[in-house]
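The structure under discussion appears below in the form of structure tokens.
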Amino acid sequence: MERMIVSMQDPDMGIKMRNQRLLITVIPHAMTGNDIVEWLIQKYGISEEESLHLGNLIVKHGYIYPLKDPRSLVLRADESPYRFQTPYFWTSTKWPATELDYAIYLAKKNIRKQGDLIEHEKDNYNLLHKRINHTWDFVVMQAREQLRAAKQRRKGDRIVIDCQEQAYWLVNRPPVSAGRGGGLDPHSRPRPGQRGWGRRGSPPALSMVLSLQPGAPNVLEQGPERRNCHTTRVQLTKNMDYYKREIEYCRKAMARTRVKSSICLEGYIKFNEQYVPHDPIMSGCLPSNPWITDDTTYWAMNAPTVTTPTKLRVERWGFNFSELINDPLGRAQLLEFLKKEFSAENLSFWEACEELRYGEQSRIAEIVDSIYQQFLAPGATRWVNIDSKTMERTLEGIKTPHRYVMDDAQMHIYMLMKKDSYPRFLKSDLYKNLLAEAVIPPETKKRVFPFMRKQRHSSPSPALLLPAGDAEEKSRSPSTAPVPEEES
Amino acid sequence: MATEGLHENETLASLKSEAESLKGKLEEERAKLHDVELHQVAERVEALGQFVMKTRRTLKGHGNKVLCMDWCKDKRRIVSSSQDGKVIVWDSFTTNKEHAVTMPCTWVMACAYAPSGCAIACGGLDNKCSVYPLTFEKNENMAAKKKSVAMHTNYLSACSFTNSDMQILTASGDGTCALWDVESGQLLQSFHGHGADVLCLDLAPSETGNTFVSGGCDKKAMVWDMRTGQCVQSFETHDSDINSVRYYPSGDAFASGSDDATCRLYDLRADREVAIYSKESIIFGASSVDFSLSGRLLFAGYNDYTINVWDVLKGSRVSILFGHENRVSTLRVSPDGTAFCSGSWDHTLRIWA
């Protein structure tokens with residue numbers, strides 16, 4: 001953000017600053033809200049809305065402050081005057097905003113306004129008074145000194161300095177947590193020198209009472225502290241082991257096959273062509289997008305198991321084998337086809353292997369055995385045809401069953417289905433009929449009274465569909481999508 | 001003794017220089033096959049027209065910053081978690097809350113919906129990932145059936161079920177990722193290699209289903225083999241923490257969003273970064289990214305409260321969406337691609353379509 005601010009202040013390309021009038025006083029080196037918005041639009045080629053949003057964030061972070069109505073850190077795209085905050089007060093300088101400084105500031109205000117402070121400032125003032133009572137004399141003395149020095153200055157400068165300070169404290173007002181011992185948490189400053197604004201600071205364990213200003217987000221609020229793993233075992237000590245690993249990794253990486261960029265990128269173009277018509281956000285969906293029209297027909301028509309699938313869905317099965325096998329309806333159709341070709345056991349075998357890979361650790365031996373009995377044992381009822389080498393390896397591996405013991409065999413069968421059965425499936429009458437019978441839902445006609453919202457029906461939760469015991473059963477089978485049964 | 005120390009230093013220095021020179025050679029190798037840029041190839045693709053997306057639902061109910069969310073496979077339910085420890089399951093279509101759990105810790109930064117729709121997983125500052133089966137029984141307290149699955153030595157930043165309810169993949173501030181068996185809580189595989197907190201992960205949609213990508217505070221995105229625990233590829237081009245990684249729908253690439261205010265696309269077969277999505281006017285970090293169904297659009301939520309929509313192929317920004325009143329912390333596209341959901345520090349979630 002600071003780079004942006006610096007370029008804004010550039011004498012040639014930056015915002016043109018003039019003397020602005022604030023009521024009767026003339027303020028030098030100021031600009032109007034409008035100037036800021038216009039400059040942002042010009043420099044970054046963005047819209048007015050975006051420019052206003054960005055400008056507002058700059059003001060909220062305290063880099064620009066308003067001269068009129070300085071209590072509200074808001075950018076107005078009109079003639080209101082603004083000024084750049086002096087770098088001394090930038091939030092990234094690790095200038096610790098101590099309670100003492102804040103107390104002095106409030107004391108000054110108190111004296112000047114003769115006790116008429118705003119609500120939260122009053123609260124803070126009282127809290128601080130209680131907390132650092134011992135130095136209160138010092139606080140009041142400092143406040144008086146600063147006020148006296150200020151009286152020497154010109155009115156214009158005084159206003160500027162007041163606004164500067166006010167803006168600074170609005171942004172940085174340290175959290176005054178009543179009753180907690182100690183002063184400001186030393187970790188709440190953002191780390192300096194970083195370009196991004198994601199530096200984390202405050203340990204979340206201390207639930208801090210943050211600024212009492214209601215509504216507006218505290219821009220200095222951070223998430224939980226990062227990189228504290230330096231204190232735990234992942235200290236990346238750059239010792240010999242580390243470099244040895246790096247070297248090994250590099251060697252392996254050098255050896256890997258890479259594909260030319262042109263080929264990879266062509267892949268995206270092709271993928272894009274194929275899938276864009278299926279992308280509801282890009283191409284809309286028929287009959288209508290449920291989120292826009294509150295009509296859930298689209299979901300009902302595309303439910304995992306439905307009697308007549310939509311055309312788009314059936315077409316998608318033709319894109320590649322994984323589209324077919326990952327769609328429950330597609331998989332069922334594939335099974336039908338394989339039955340005709342007397343190779344249905346392939347799909348069943350693959351499904352059983354998936355169950356092994358993603359199943360519970362405790363059932364591994366049981367599942368491996370079941371697979372062996374059904375598919376691999378000599379004379380098994382649903383014997384699968386794997387090449388002898390793979391079969392040998394698998395049978396050997398079964399002796400010490402583990403989650404990935406069937407991987408080779410599973411891959412072999414998967415490839416068989418993909419390279420052999422799948423192309424035939426696409427050419428088959430079964431598939432052709434599916435395409436012919438698939439429905440193209442008509443587009444929902446625009447409602448006559450668009451402001452009348454259609455009633456939004458709820459659907460049964462997938463967690464409800466089965467009684468508790470069966471829910472366990474259901475959660476065992478991998479990748480089955482829950483069936484949202486719709487009321488038609 | 002002194003001479004021994006010297007000898008060790010020399011070997012250390014020589015190893016270091018060897019590693020560095022190899023790294024340089026690797027970069028050269030990678031660059032050799034880079035014969036064209038994405039936006040050049042994308043020139044012949046039709047430009048996108050006017051783009052209009054609006055908030056269609058606003059989910060209010062969290063009393064504090066929303067940190068994470070995930071969709072259920074039924075395309076309408078979501079689970080979301082927040083700073084105050086509350087995890088809520090919503091039917092976002094009707095905006096009804098269906099379940100709510102209060103975790104014993106604050107900053108629940110990770111949550112995930114099980115593929116069956118019957119359970120959720122969540123975790124955060126408690127360094128654990130817990131699985132809660134979803135129940136509608138009136139007299140049953142959801143917290144009663146809670147299973148503590150993962151144990152890390154630092155905060156949990158991300159979690160995801162694999163293809164079934166029985167395995168969970170987690171990422172943590174302790175610099176590691178891990179694969180767990182839900183039922184027994186057993187550690188199946190751990191993944192070491194990041195030099196700092198791991199902030200995000202995503203499972204590959206590939207046919208073989210064996211890899212996942214993770215991003216961390218060490219500015220690296222690493223691709224792992226789930227079986228062996230080895231890092232198979234690594235990319236280090238970001239200038240700051242990587243907050244979010246997401247695979248391109250085809251599985252051949254992935255996108256990342258970072259605190260350096262850019263999103264980048266990395267191709268796995270070409271083994272390099274192929275696109276950068278950035279704009280001078282975007283100066284805040286990207287916290288969360290996701291692709292539309294076809295992969296043509298990349299939605300990215302930023303810390304400046306906005307969501308930018310990028311044309312993945314042409315590299316340009318298509319649209320900027322306003323609406324949230326504080327940082328956007330999480331963003332996911334629905335399973336059927338009809339909408340996406342964004343969660344923010346302004347305590348709300350929004351569904352956009």
Side-chain angles (χ1 to χ4, degrees), chain A residues 1 4 44 46 50 53-54 57 196-198 204 217 224 226-227 229 232 234 236 240 243 246-247 250 253-254 258-262 264-265 267-269 271-272 275-276 279-282 289 291-292 299 322 358-362 404 456 458 461-464 471 474-475 478-479 481-482 484, chain B residues 12 15-16 18-19 22 26 29 33-36 38 41 56 73-74 91 94 107 116-118 134 136 153-154 162-166 173-175 181 183-184 186 195-197 207 217 227 240 250 259-260 267 269-271 280-281 283-285 292-294 296 303-304 320 326 337-339 353:
Chain A
M1 188 175 268
M4 195 179 262
Y44 297 113
I46 52 183
E50 195 180 342
H53 179 86
L54 185 55
L57 282 172
W197 276 73
R226 290 182 183 176
R227 291 212 198 83
C229 63
T232 66
V234 185
L236 208 52
M240 314 230 304
Y243 285 118
E246 287 271 302
I247 291 170
C250 283
M254 296 266 270
R258 273 176 208 87
V259 181
K260 265 204 291 197
S261 287
S262 46
C264 300
L265 302 178
Y268 300 150
I269 311 287
F271 188 86
N272 179 64
Y275 280 88
V276 160
D279 185 341
I281 294 179
M282 297 278 301
N289 188 323
W291 299 103
I292 301 180
W299 284 334
S322 58
Y358 297 110
E360 291 135 316
Q361 189 70 6
S362 55
Y404 304 111
R456 294 171 183 168
S458 58
S461 162
L464 248 185
K474 188 177 169 112
S475 67
S479 62
Chain B
L12 186 67
L15 275 179
K16 181 170 175 182
E18 189 184 344
L22 269 179
L26 180 60
E29 279 299 309
L33 291 172
H34 189 57
D35 47 352
V36 72
L38 180 54
V41 174
R56 305 287 173 179
K73 282 220 168 108
D74 76 347
D91 176 352
T94 57
W107 288 93
S116 69
C118 298
L134 294 176
F136 279 97
T153 53
N154 217 309
T162 60
N163 260 12
S164 78
D165 285 16
M166 262 118 3
D174 65 8
D181 176 60
E183 197 197 30
S184 60
Q186 189 187 350
D197 312 22
E207 297 176 296
C217 287
R227 282 189 51 168
S240 187
S250 72
D259 275 345
D260 66 4
D267 187 298
R269 294 179 302 168
D271 195 28
E280 271 201 330
S281 59
I283 50 179
F284 286 82
S292 71
L293 190 137
S294 63
R296 180 67 193 270
N303 291 340
D304 65 356
I320 177 168
N326 205 325
T338 48

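Heavy atoms only: backbone and side chains are in, while hydrogens, waters and symmetry mates are out. Reminder, nothing fancy here: chain letters follow the sequence lines and each chain counts from 1. Given the structure is predicted, the values throughout are model-derived calculations rather than measurements.
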Working for side chain to side chain contact (heavy atoms under 4.5 Å, CB included), residues B:Val41 and A:Tyr268: CA-CA 10 Å; B:Val41 174; A:Tyr268 300 150; over 6 Å; no

Results of salt bridge (charged side-chain N to carboxylate O under 4.0 Å, His left out) for A:Arg258 - residues two or more places apart only: B:Asp271

With a 4.5 Å cut-off on heavy-atom pairs, point out which of B:Cys217, B:Ser281, B:Ala19, B:Ala353 contacts chain A the most. B:Ser281

Looking at every non-hydrogen atom in both residues, tell me the closest pair between B:Ser116 and A:Pro462 and how far apart they are. O-CB, 3.7 Å

From the list A:Ser322, A:Cys264, A:Cys250, A:Gly267, the residue making the most non-hydrogen contacts under 4.5 Å with chain B is A:Cys264

Pick one of side chain, backbone, both or neither for B:Ile320, based on which atoms fall under 4.5 Å of a heavy atom in chain A. side chain

To check you understand the geometry: which heavy-atom pair defines the closest contact between A:Lys260 and B:Asp35, and what is its length? CD-OD2, 3.3 Å

In terms of heavy-atom pairs under 4.5 Å with chain B, the winner among A:Ile46, A:Asn272, A:Leu54 is A:Asn272

Contact part of A:Met282 toward chain B, heavy-atom cut-off under 4.5 Å: side chain, backbone, both or neither? side chain

Distance check, rounded to the nearest 0.5 Å: A:Leu265 atom CG versus B:His34 atom NE2? 7.5 Å

I'd like to verify something: which residue of B:Asp267, B:Thr94, B:Leu38, B:Thr162 has the highest number of heavy-atom pairs under 4.5 Å with chain A? B:Asp267

To the closest 0.5 Å, what do you measure between NE2 (A:His53) and CG (B:Asp304)? 4.5 Å

For the residue pair A:Ser262 and B:Val36, what are the closest heavy atoms and their distance? CA-CG1, 3.6 Å

A:Arg226 to B:Asp197 - nearest heavy-atom pair and separation: CA-OD2, 3.4 Å

B:Lys16 NZ to A:Ile247 CD1 distance, which is reported to the nearest 0.5 Å: 12.5 Å

If you take all heavy atoms of A:Tyr358 and B:Ser164, which pair is closest and at what distance? O-OG, 2.6 Å

Check each atom of A:Glu246 against the heavy atoms of chain B and say whether the ones under 4.5 Å are side chain, backbone, both or neither. side chain

Of the non-hydrogen atoms in A:Gly359 and B:Asp181, which two are nearest, and what is the gap between them? O-OD1, 4.0 Å

Any side-chain donor near an acceptor of the partner, B:Ser292 and A:Asp279, under 3.5 Å: yes

Which atoms of A:Ile281 approach chain B - backbone, side chain, both or neither, heavy atom under 4.5 Å: both

Looking at chain A, which one of B:Glu18, B:Arg227, B:Glu29 has the largest number of heavy-atom pairs inside 4.5 Å, strictly under? B:Arg227

